[in-house]
Amino acid sequence: MRCRFCRTRSVEVFLRMYNLPLCRDHFISFFYKRIRETIEKYKMFGLEDKVVVAVSGGKDSLALALALKDLGYSVIGYFLDLGIPEGSAFARETVIRFGEKFSIPVHVEELRSVFGYSLVQISEIMRRPACSFCGTLKRYYMNRFARSIGADVLCTGHTMFDEATVLFSNVLQWKEEYLFRQLPVLPEEQGLTKKAKPLAFITERETAIYCFFKGIDYLDLPCPLSSGAKSRRVKLRLLQLEEDSPGTINRFLKGFYSFKKKINFSSFNKEDIQPCRECGYPTTADRFCSVCRMKRKLSENVSRG
Ligand code: AMP
Ligand code: ZN
């Protein structure tokens, strides 16, 4: 079988979703084309913008950082070392080596230095699973970094099945507020840098193949602190649907976004947001944002012994 585009080279990748046999070079250009189309369609950012990519050391965010660089965007990586044993040190090495290999600046920050505690310490002191703080802290420090360097946009490596999993779970429970907010791009507002997910229509299989072709070494370990069992089960079911009928998940997600464009969401009252009195981060709470409240609670608990 020959590549659909050049008809000369032999096929290295078959994309069932598009019924498309591709050689290596045309896989890469097709991958880039779809990322660029997503960026343009959702008005995520332009070539003149300063783009921060939050890199975890996994295949998706590293693939995103290199793809954006190759597409001509100015990319700065950001990694938050959460201090997870058997995890963060490898991830940190991985992102640093990636930055050196591909000449992409990567800024590394340690949660313990900026927040005062590592994720494991927080979990021990608060006697709650680490996952209940992890997302909040990551979002907070990613945003803080992006603002500190005057970035125009902050990108994460969420892929099609991540987005479809969230959408499907929210539809099952009709979480209207979340459905209202789910979009591949969220505008800048009150202390928050614009956020974008340029891989919203790219699969993890594709980012893995791209990493292989480009020689990107990535970390392929599930987080040792979380089983993530529930969302993984939903994701596996969606993968099965896709397997039975290729293209289903792409249509599910694209359909949702175009449906949203047609609806008048004005009946949704946006919650009142104000800046945290301590750090200025936007919050719906009375005075302090969740990270500053967490910090206070931790120091109370520590001083009580
Ligand atoms: P996750 O929530 O772990 O599925 O990660 C989703 C996205 O968040 C990744 O694709 C990255 O863009 C970003 N991310 C996750 N962990 C980190 C980290 N430790 N430092 C910086 N960005 C991260
Ligand atoms: Zn705060």
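Indexing begins at 1, ligand by ligand and atom by atom, following the structure's order.
Protein heavy atom at the shortest distance from atom 15 (C) of ligand 1 is Ser56 CB, 3.5 Å. Looking from atom 12 (O) of ligand 1 to the surrounding protein, the closest heavy atom is Ala54 O, 2.5 Å. For atom 9 (C) of ligand 1, the nearest non-hydrogen atom of the protein is Gly157 N, 3.9 Å. If you check which protein heavy atom lies closest to atom 21 (C) of ligand 1, you get Val55 O, 3.2 Å. Summary of contacts: the protein heavy atom closest to atom 19 (N) of ligand 1 is Leu80 O, 2.9 Å.
In this structure, Tyr141 has its ring center no closer than 6.0 Å to that of Tyr78. Ring centroids of His107 and Phe145 are separated by less than 6.0 Å, placing the two rings close together.
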Full working for ring-ring contact (aromatic ring centres under 6.0 Å, His included) between Phe252 and Phe256 | CA-CA 6 Å; Phe252 176 54; Phe256 171 63; 7.6 Å; no

Step-by-step ring-ring contact (aromatic ring centres under 6.0 Å, His included) determination, Phe98 to Tyr218 | CA-CA 8 Å; Phe98 168 82; Tyr218 59 85; over 10 Å; no

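Interface of His158 with ligand 1, defined as ligand atoms under 4.0 Å from a residue heavy atom, comprises 6 (C), 7 (C), 10 (O). Near Ser61, meaning under 4.0 Å from any of its heavy atoms, are these atoms of ligand 1: 10 (O), 11 (C), 12 (O). Near Lys138, with a cut-off below 4.0 Å to any heavy atom, the atoms of ligand 1 are 2 (O), 3 (O), 15 (C), 16 (N), 17 (C). Atoms of ligand 1 found under 4.0 Å from any heavy atom of Thr156 (numbered from 1 in listed order, with element): 12 (O).
Remark: atom 4 (O) of ligand 1 lies closer than 4.0 Å to no protein heavy atom.
In this model, no donor atom of one side chain and acceptor atom of the other lie less than 3.5 Å apart for Asp162 and Thr165.
No cation-pi contact links Arg144 to Tyr281, judged by a cut-off of 6.0 Å to the six-membered ring centre and 45° from its axis. Cation-pi geometry between Lys194 and Phe45 is not met: the NZ or CZ atom fails to fall both under 6.0 Å from the ring centre and inside 45° of the normal.
Geometry at the Zn ion (ligand 2): SG/Cys276 and SG/Cys279 form an angle of 110°, nearest 10 degrees.
Checked against Arg16 for a salt bridge (charged side-chain N to carboxylate O under 4.0 Å, His left out), the options Glu206, Glu242, Glu243 give a single hit: Glu243.
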